[in-house]
Every structure is written in structure tokens, then in C-alpha cells.
A.B. asks: 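Before I ask anything, here is the structure I am working with.
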Amino acid sequence: MTTVRSHQSIKIKDERLDIDHIDQCRLSFFIGEHDCQITVFDEKKQKLLLFENHSIQTPILDFLEKLNHDHELVPAGFWPTIHVHIRNNKFCLVPNFLFDESAAYDYIRLNTDTNPEEDNYAIKQHKHLMATYVFGYPAKIQAWFFKKYKKASIHIFHEGSSFLDSLDHQLLKIAKPAIYLNCTAETLMIAGFSGQKLMIYNQVRISDVKQLPKIILMSIQQFSQDGQDTPVVLWGIESQLKEIKPLLKKYFKNLSLGKRSTNIKMAHQFDEIELYEFAEIFGSFSSLN
């Protein structure tokens, strides 16, 4: 087992990861504007074998090319399955009874700027939520992966959809409203539930953490009468939570840290990743897609 962790990067590899036996593994990329996480997950054994966090300081295609050139595993041409998770603000969650697949572009442009000549659009159905997640992503990213991995089955997702997947077995066993938060390097994901029913979902860019209590309370008021008494469950990366958790505790007395799904196997060295970190990544491992 090898482990390296710094403010900028995380590299944890299970030495039992054998390149000759990756026919049962999924290679995943979580691509944001300034960072990218890479995982290898053994789908047969339901076991995490690799977790890396990289900072991005160049255009995304330059970063991917360098990664493909330098990495010992990424350029392997015989990965059976590759998942690409996009981190951006081009998304919309649509109730199933209103959803029209042909209107994907129109859904996205209601929320943010998007160019159909540069962006592709995709959907992910969340049947248990009775909603469909619509999102856009740069066409050039898809083209890069299809060029590099011609034999792989490539699937593209959005970080928000992956977070909602992570909540599938994490909802509080209560009938009253609760709000679930996930804080990545730049974004706060906000999912409000009344019992098991999704009431609201949004993502906001973190520009000033002092504004987050107000944003969260405004989100709560859209579906709950309990205000600051509403239970709040918080996931997030350690560097962000050091500042955000003490701030939120001043306003929300029922604040607790979320946990990781228990059905994922991993060597003990991966435990240095806190149980409340990277919820959207660990949630993706239990996805059926």
C-alpha cells in the first residue's frame, strides 16, 4: 500500500491492484475546473483500489494529456468501464411528469449559459426520487475519452447526480424535513427532503463562506417550517469543513456530520479519507450504472 497526502493532492493505492486483472474494474474521473479525482473500483469485489486527487492548473485537455502520458494506470487501453463525472453548474433536476428528453438544452439554458455547439447534454434518471437529472458538459471532454478508450464502455455523469445517489441509504429515519449538504472544493450541494421525498436540490458556488448560513436557511424555508431547528447533515472535504462546520454550528443546533456508505470495501489505509469526505465519489460506487 502506498499513500501520499498533501494540501494539493491525495494518492492512495492498494498494492493488490494488478493491471493484469483490471477487466473487472471501473476507472472513474471526477473533473472540475481546478481539481480532478481518479478512482479504480473493483466492481466484482465492491472494493476501492485507488484514490487520487489532483489539482488542475492548465486547460483541461492539457491536464488530461499529461495525466495520460505520466500515469501508470490511466493510459491502459483495456479498461472495460470508464465513468466520467463532470463538476459544473450546467444542470437541472426535472420532475418526471414534466420531463421531455428533447428539451434538455432548454432546461439547462434556463439556469445558465450554454452553447449547443460546444456542449453535449445528457440525463440520469433517479426513479426513487421521481425526477430526471439533466446536465451539460464540454463536448471536447467526451471526444477525448472516446478517442483514448476506444474499447471501453464510457458513461458520463454529473457530480450532483452522484451526490443524490449517495443519499439513497443515508436519509434520516424521520418523517419531518431535513437538509443534506455536500461541500466540495468550490461548490455546496443542497438537497432538502421531507422524510424520503426530495423537495429541493441546488448547488451554489462558495465565494464567501459567511453567506452560507443565509443560503442554507433560505433553502430550508422553501420546504420546511422548522427553520434553524431543521436537522442538517453535512459532508465535505476537510479543508473546507474546518471553516464551514464551526460557522454552521452557530446557526443550526441539529447539525451532524454525514457518513460513508458501509457497503464499500477498502484497505485500512484509505481510512485516512474521513467518513464525511467525497460523498459524491463514494456514492458513485454503489450506482447501478
A.B. asks: Heavy atoms only: give me the nearest N88-I86 pair and the separation to one decimal.
C.D. replies: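 Shortest heavy-atom separation between N88 and I86 comes out as ND2-CG2, 3.3 Å.
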A.B. asks: Looking at every non-hydrogen atom in both residues, tell me the closest pair between P231 and I174 and how far apart they are.
C.D. replies: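 Between these two residues, the closest heavy atoms are CG-CD1, 4.1 Å.
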A.B. asks: Give a yes or no answer on whether the side chain of W235 reaches the backbone of K259 with a donor-acceptor pair at less than 3.5 Å.
C.D. replies: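 The answer is yes, because a donor-acceptor pair under 3.5 Å joins these two groups.
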A.B. asks: Go through it in stages, so that I can follow the logic: the residues are L171 and V233, the test is side chain to side chain contact (heavy atoms under 4.5 Å, CB included), and I'd like the CA-CA distance, side-chain angles, deciding distance and then a yes or no.
C.D. replies: CA-CA 9 Å; L171 299 179; V233 184; over 6 Å; no
A.B. asks: Could you tell me whether E33 and R205 make a salt bridge, using a distance below 4.0 angstrom between a side-chain N and a carboxylate O?
C.D. replies: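 Here E33 pairs with R205 in a salt bridge, since their nearest N and O are under 4.0 Å apart.
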A.B. asks: With side chain to side chain contact (heavy atoms under 4.5 Å, CB included) as the criterion, how do L172 and Y180 come out once you've worked through the C-alpha distance, each side chain's angles and the decisive distance to 0.1 Å?
C.D. replies: CA-CA 10 Å; L172 298 176; Y180 302 83; 3.5 Å; yes
A.B. asks: Please confirm whether the backbone N or O of T187 pairs with a side-chain atom of T184, one donor and one acceptor, at under 3.5 Å?
C.D. replies: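 Between the backbone of T187 and the side chain of T184 there is a qualifying donor-acceptor contact (under 3.5 Å).
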A.B. asks: Any carboxylate oxygen within less than 4.0 angstrom of a Lys/Arg side-chain nitrogen, looking at E238 and K245?
C.D. replies: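 The answer is no: the pair does not qualify as a salt bridge.
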A.B. asks: I'd like to know whether S153 forms a side chain to side chain donor-acceptor pair (under 3.5 Å) with T81, so could you lay out the CA-CA distance, the side-chain angles of the two residues, the decisive distance to 0.1 Å, and finally the verdict.
C.D. replies: CA-CA 5 Å; S153 176; T81 305; 5.3 Å; no
A.B. asks: Could you list the residues that satisfy side chain to side chain contact (heavy atoms under 4.5 Å, CB included) with K47, not counting sequence neighbours?
C.D. replies: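 Only D14, R16, D42, K45, L49, K265 meet the side chain to side chain contact (heavy atoms under 4.5 Å, CB included) criterion with K47.
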A.B. asks: Is I108 linked to I156 within one hydrophobic cluster, defined over Ile, Leu, Val, Met, Phe, Trp and Tyr using a side-chain heavy-atom separation of less than 4.5 Å?
C.D. replies: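 No, separate clusters.
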A.B. asks: Assigning hydrophobic clusters by single linkage (Ile, Leu, Val, Met, Phe, Trp, Tyr; side-chain heavy-atom cutoff under 4.5 Å), is I19 placed with L48?
C.D. replies: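 The answer is no; the residues belong to distinct hydrophobic clusters.
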A.B. asks: Would you say that Y251 contacts L217 through its side chain, given a criterion of any heavy-atom pair below 4.5 Å between the two side chains?
C.D. replies: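 Of all side-chain heavy-atom pairs linking L217 with Y251, none is under 4.5 Å.
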A.B. asks: Heavy-atom distance under 4.5 Å between the side chains of P177 and D226, does that happen here?
C.D. replies: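 A side-chain contact under 4.5 Å exists here.
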A.B. asks: Is it the case that the side chains of E280 and N182 hold a donor-acceptor pair, with the cut-off being a distance below 3.5 Å and no angle test?
C.D. replies: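 Yes, a side-chain donor-acceptor pair sits under 3.5 Å.
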A.B. asks: Among F285, F30, F278, find the residue that satisfies the ring pair (Phe, Tyr, Trp, His ring centres under 6.0 Å) test when tested with F51.
C.D. replies: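 One option only clears the test, and that one is F278.
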A.B. asks: Count the heavy atoms of every other residue, nucleotide or ligand shown that sit under 6.0 Å from NE2 of H71, and state whether that count exceeds 12.
C.D. replies: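 Count over threshold, so yes.
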A.B. asks: Is there a side-chain contact between I273 and M266 in this structure, where contact means two heavy atoms from C-beta onward sitting under 4.5 Å apart?
C.D. replies: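 When only atoms from C-beta onward are counted, M266 and I273 do not touch, as no gap falls below 4.5 Å.
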A.B. asks: Is there a side-chain contact between F193 and I179 in this structure, where contact means two heavy atoms from C-beta onward sitting under 4.5 Å apart?
C.D. replies: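 Heavy-atom side-chain distance check fails, nothing below 4.5 Å.
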A.B. asks: What I'd like to find out is whether the side chain of L50 reaches to under 4.5 Å of the side chain of E52, using heavy atoms alone.
C.D. replies: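 The answer is yes; the side chains approach within 4.5 Å.
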A.B. asks: Could you go step by step and tell me if F252 and D229 meet the side chain to side chain contact (heavy atoms under 4.5 Å, CB included) rule?
C.D. replies: CA-CA 6 Å; F252 304 101; D229 292 331; over 6 Å; no
A.B. asks: Can you give me the closest heavy-atom contact between F223 and G192, atom names plus distance?
C.D. replies: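 Scanning both residues, the minimum pair turns out to be CZ-CA, 3.5 Å.
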A.B. asks: Looking only at non-hydrogen atoms, find the nearest pair between S219 and I200 and report the distance.
C.D. replies: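 Result for this residue pair: O-CD1, 4.0 Å.
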A.B. asks: Measure the acute angle between the ring planes of Y149 and F145, then classify it against the limits of 30° and 60° as parallel, tilted or perpendicular.
C.D. replies: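 Taking F145 first and then Y149, their aromatic rings lie parallel (interplane angle under 30°).
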A.B. asks: Are F78 and I38 connected, step by step, through hydrophobic side chains (Ile, Leu, Val, Met, Phe, Trp, Tyr) whose heavy atoms are closer than 4.5 Å?
C.D. replies: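 Yes; tracing contacts between hydrophobic side chains, which count when under 4.5 Å, links both residues.
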A.B. asks: Report the relative orientation of the aromatic rings in Y133 and F91; use parallel for angles under 30°, tilted for 30 to 60°, perpendicular for over 60°.
C.D. replies: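 Geometry flag for F91 against Y133: parallel rings.
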A.B. asks: Within a reach of under 6.0 Å around CD of E243, are more than 12 heavy atoms found that belong to other residues, nucleotides or ligands?
C.D. replies: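 Open.
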A.B. asks: Just checking F157 against H83, ring centres under 6.0 Å apart?
C.D. replies: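 Under 6.0 Å, so yes.
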A.B. asks: Please report the closest heavy-atom contact between C183 and I244, naming both atoms and the distance.
C.D. replies: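 Where C183 meets I244 most closely, the heavy atoms are SG-CD1, 3.4 Å.
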A.B. asks: Got a donor-acceptor contact below 3.5 angstrom from the R260 side chain to the G283 backbone?
C.D. replies: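 Pair absent, no side-chain N/O of R260 close to backbone of G283.
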A.B. asks: Any side-chain donor paired with an acceptor under 3.5 Å for D119 and T114?
C.D. replies: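 There is such a pair between these side chains.
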A.B. asks: Decide whether Y137 and Q142 meet the rule of one side-chain donor and one side-chain acceptor closer than 3.5 Å.
C.D. replies: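 There is such a pair between these side chains.
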A.B. asks: Stepwise, does the side chain to side chain contact (heavy atoms under 4.5 Å, CB included) test hold for H155 with H85?
C.D. replies: CA-CA 9 Å; H155 305 267; H85 299 254; over 6 Å; no
A.B. asks: Using the ring of each side chain (for Trp, its six-membered ring), is F99 parallel, tilted or perpendicular to Y107, with breaks at 30° and 60°?
C.D. replies: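 Correct class here is parallel.
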A.B. asks: Are Q203 and F163 packed together at the side-chain level, in the sense that at least one heavy-atom pair is separated by less than 4.5 angstrom?
C.D. replies: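 A side-chain contact under 4.5 Å is absent here.
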A.B. asks: Atom CD1 in I82, atom SG in C25: separation rounded to 0.5 Å?
C.D. replies: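 Between atom CD1 of I82 and atom SG of C25 there are 12.0 Å.
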A.B. asks: In this structure, would V94 and M199 fall into the same cluster of hydrophobic residues linked by side-chain contacts under 4.5 Å?
C.D. replies: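 No: no chain of side-chain contacts under 4.5 Å links V94 to M199.
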A.B. asks: Mark yes or no for whether S161, through its side chain, and H158, through its backbone, hold a donor-acceptor pair below 3.5 Å.
C.D. replies: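 Side chain of S161 to backbone of H158: no pair is present.
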A.B. asks: Looking at every non-hydrogen atom in both residues, tell me the closest pair between P213 and K210 and how far apart they are.
C.D. replies: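 Shortest heavy-atom separation between P213 and K210 comes out as CD-O, 3.5 Å.
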A.B. asks: Might you confirm whether atom CG of D18 has over 12 heavy atoms from other residues, nucleotides or ligands at distances under 6.0 Å?
C.D. replies: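 Above 12, so yes.
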A.B. asks: Going by atom types only, do Q37 and R87 share a side-chain donor-acceptor pair under 3.5 Å?
C.D. replies: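 The criterion, which ignores hydrogens and geometry beyond distance, is satisfied for R87 and Q37.
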A.B. asks: With sequence neighbours excluded, give me every salt bridge (charged side-chain N to carboxylate O under 4.0 Å, His left out) pair touching residues 139-154.
C.D. replies: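 For residues 139-154: E65-K148.
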A.B. asks: Is it true that I264 and L17 fall in one hydrophobic cluster, defined by side-chain heavy atoms closer than 4.5 Å?
C.D. replies: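 Different hydrophobic clusters.
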A.B. asks: Test H126 against T132 for side chain to side chain donor-acceptor pair (under 3.5 Å), laying out the working first.
C.D. replies: CA-CA 6 Å; H126 291 269; T132 300; over 6 Å; no
